[in-house]
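Each remark here refers to the structure printed beneath this line.
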Amino acid sequence: MREVLVMALSALLVLACWRRWHFRSFWYVVAYPLMAISVLASWRKIALGCGLTKKRQRFWFTTVPGLVESTGVVRVKRKFQRVSVDTRPWMWLPMPTRYGWRVTLRTLEGQIPGDYADAAERLAHSWGVHAVRVSSHKPGRVRLAVTVRDPLVKVDHLPPSTDLLKVTVGRLETGQPWEIDFKTVPHWMNAGATQSGKSNLANALIVGLAPQPVALVGFDLKGGVEFTPYKPRLSALATTRAECTLLLDDLQTLMAERMGICRMAGARNIWQLPPGIRPVPIVVLVDELAELYLMADKSEKDEVARASTGLLRVAQLGRAFGIYLFCCGQRIGSDLGPGVTALRAQCSGRICHRVNDPETANMTLGDLDPAALDAARAIAPATPGVAIVAGSDGQWYRARSYYVSEQTAEQAATTHADNTPDWAELLAAQPREIPA
Ligand SMILES: Nc1ncnc2c1ncn2[C@@H]1O[C@H](COP(=O)(O)OP(=O)(O)OP(=O)(O)O)[C@@H](O)[C@H]1O
Ligand SMILES: [Mg+2]
């Protein structure tokens, strides 16, 4: 008896050390098979508890003993009976993932993926896991992606992307890299309350874009305190609304020039031009977007209108001519004027950090799944950098940026200062002759 106890304790100790030493192999070899068995075994009870089962009428023929006739023959009677049974959605074998597991279910008649999304929190509590995300890749099927523990508590760096205009800024909760790719999604809206991690994300972009052959332009409406240290790598920096309007005029001039080049070459956008004459792409980083639209009195009206129209024009036409926007703001509400709503419509990239007002979350993520709004409101202040991100696949994800200190971004800006295209030279560049 004593030996058995000692052996059991030693086995437990070995398992605990293994789990601590290499969680991934422990998960695949020990924890996942046990989990899969327990999930399949308990599915009936859990589906019932979470309201995902349906009552069905089943018909049975039951045999009841009949009478013993005088001949000695027992006559058996068959009775037609109606019974009500609970049917659960059919569950395939759960498959292990990096941070948990995923499983596909066949929905019951009349069920939609929304029914499973409504039950997601109940499922997570029943299974004792961090979160359950619901998606549907095929009619009649739903996929539950289960994360056993929050993968965004600590985010380690992934290798940087080598593609032009693509930056790996953090990790998605699925474990995949969180990439901002301006060529796929040209304009971004990055919202969040103070200290939620907006500038950290802008720092990550600066670090990622600094070594690339792109021009960076800063609109820092916090009076320049955020972007001034990165000046060596910025081709232009505006720190007041008046400077922003001038810089927006420059961007529109550049856009008109690039339109001319594309028209002459018969190209629809700069990426169809031969590499020799392709103008350098420009990424415009805007911090404190709301400051562009706020006015204390009527005297500021014209300046606000000019800034708002300029930014909207850049957003509308910039994509084809290699001008991309990344707009950060604490509060992005329709009360700032129609210019903001129109700009939002042009920004297909959406990032919503922790927000204080539901209006900002609504404005940023409103046209996504309502569950994305709930997830944005649930971001804790203790986890700066966590955000809800609209992916290019139309799905939304929880994600967290890497921590990038101001010093790291400043160092990257200084190291790659030689890559900075000169703004005056960019503006002076005349359409060059198109090779035949
Ligand atoms: N991804 C992250 N991981 C860890 N810490 C982070 C992360 N992002 C931000 N932080 C921490 O949160 C602090 C606030 O971040 P940041 O300055 O980016 O907020 P912000 O949204 O720009 O705030 P404000 O609106 O006041 O400028 C940072 O100093 C940093 O310590
Ligand atoms: Mg900031």
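In each ligand, atom 1 is the first atom listed, and ligand 1 is the first ligand listed.
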Electrostatic pair R331-E359, nearest N-O below 4.0 angstrom: no
Ring geometry between W188 and F326 (parallel below 30°, tilted from 30 to 60°, perpendicular above 60°): tilted
Reported NZ-to-CD distance for the pair K54 and Q111, which is rounded to 0.5 angstrom: 5.5 Å
Non-hydrogen side-chain atoms of T341 and M363 separated by less than 4.5 Å: yes
Residue and atom, protein N/O/S, under 2.8 Å of the Mg ion (ligand 2): S199 OG
Pair K183 + D163, salt bridge at N-O below 4.0 Å: no
Salt bridge (charged side-chain N to carboxylate O under 4.0 Å, His left out) pairs, two or more places apart, involving residues 204-233: K222-E226
Per-atom contacts, ligand 1 versus A193 - under 4.0 Å to a heavy atom: 21 (O)
Min heavy-atom dist S405 to ligand 1 below 4.0 Å: no
Option of least heavy-atom distance to atom 10 (N) of ligand 1 (set: A399, P381, P384, G329): P384
Backbone or side-chain N or O of E406 under 3.5 Å from ligand 1 N or O: no
Region of K222 engaging ligand 1 - heavy atom pairs below 4.0 Å: side chain
Test item: side-chain donor near acceptor, S25 and W18, under 3.5 Å: yes
Identity and separation of the nearest protein heavy atom to atom 14 (C) of ligand 1: Q195 OE1, 3.4 Å
Per-residue contact class, C328 against ligand 1 - non-hydrogen pairs under 4.0 Å: neither
Salt bridge present between D249 and R306 (N-O < 4.0 angstrom): yes
Per-atom contacts, ligand 1 versus R400 - under 4.0 Å to a heavy atom: 3 (N), 4 (C)
Atom indices of ligand 1, in the order listed, that fall short of 4.0 Å to a heavy atom of E226: 27 (O)
G192 touching ligand 1 at heavy-atom level, < 4.0 angstrom: no
Audit row: Y230, N203, side chain to side chain donor-acceptor pair (under 3.5 Å) steps and yes/no: CA-CA 9 Å; Y230 315 141; N203 290 349; 2.8 Å; yes
Validation row: R141, W92 side chains within 4.5 angstrom (heavy atoms): yes
Aromatic W27 / basic R98 pairing, under 6.0 angstrom, 45° off normal: no
Option of least heavy-atom distance to atom 15 (O) of ligand 1 (set: S199, G197, G170): G197
Which of the ligand 1 atoms, numbered from 1, are nearer than 4.0 Å to a heavy atom of Q330: 25 (O)
Atom pair CH2 (W271) and CZ (R278), whose distance is rounded to the nearest 0.5 Å: 6.0 Å
Under-4.0 Å heavy-atom contact between protein and atom 29 (O) of ligand 1: no
Y402: numbered ligand 1 atoms lying under 4.0 Å from its heavy atoms: 1 (N)
Shortest protein heavy-atom distance from atom 1 (N) of ligand 1, along with the residue and atom involved: S401 O, 2.7 Å
Atom indices of ligand 1, in the order listed, that fall short of 4.0 Å to a heavy atom of N200: 1 (N), 2 (C), 7 (C), 8 (N), 9 (C), 18 (O)
Taking every non-hydrogen atom, the tightest pair across L52 and L108: O-CD1, 3.7 Å
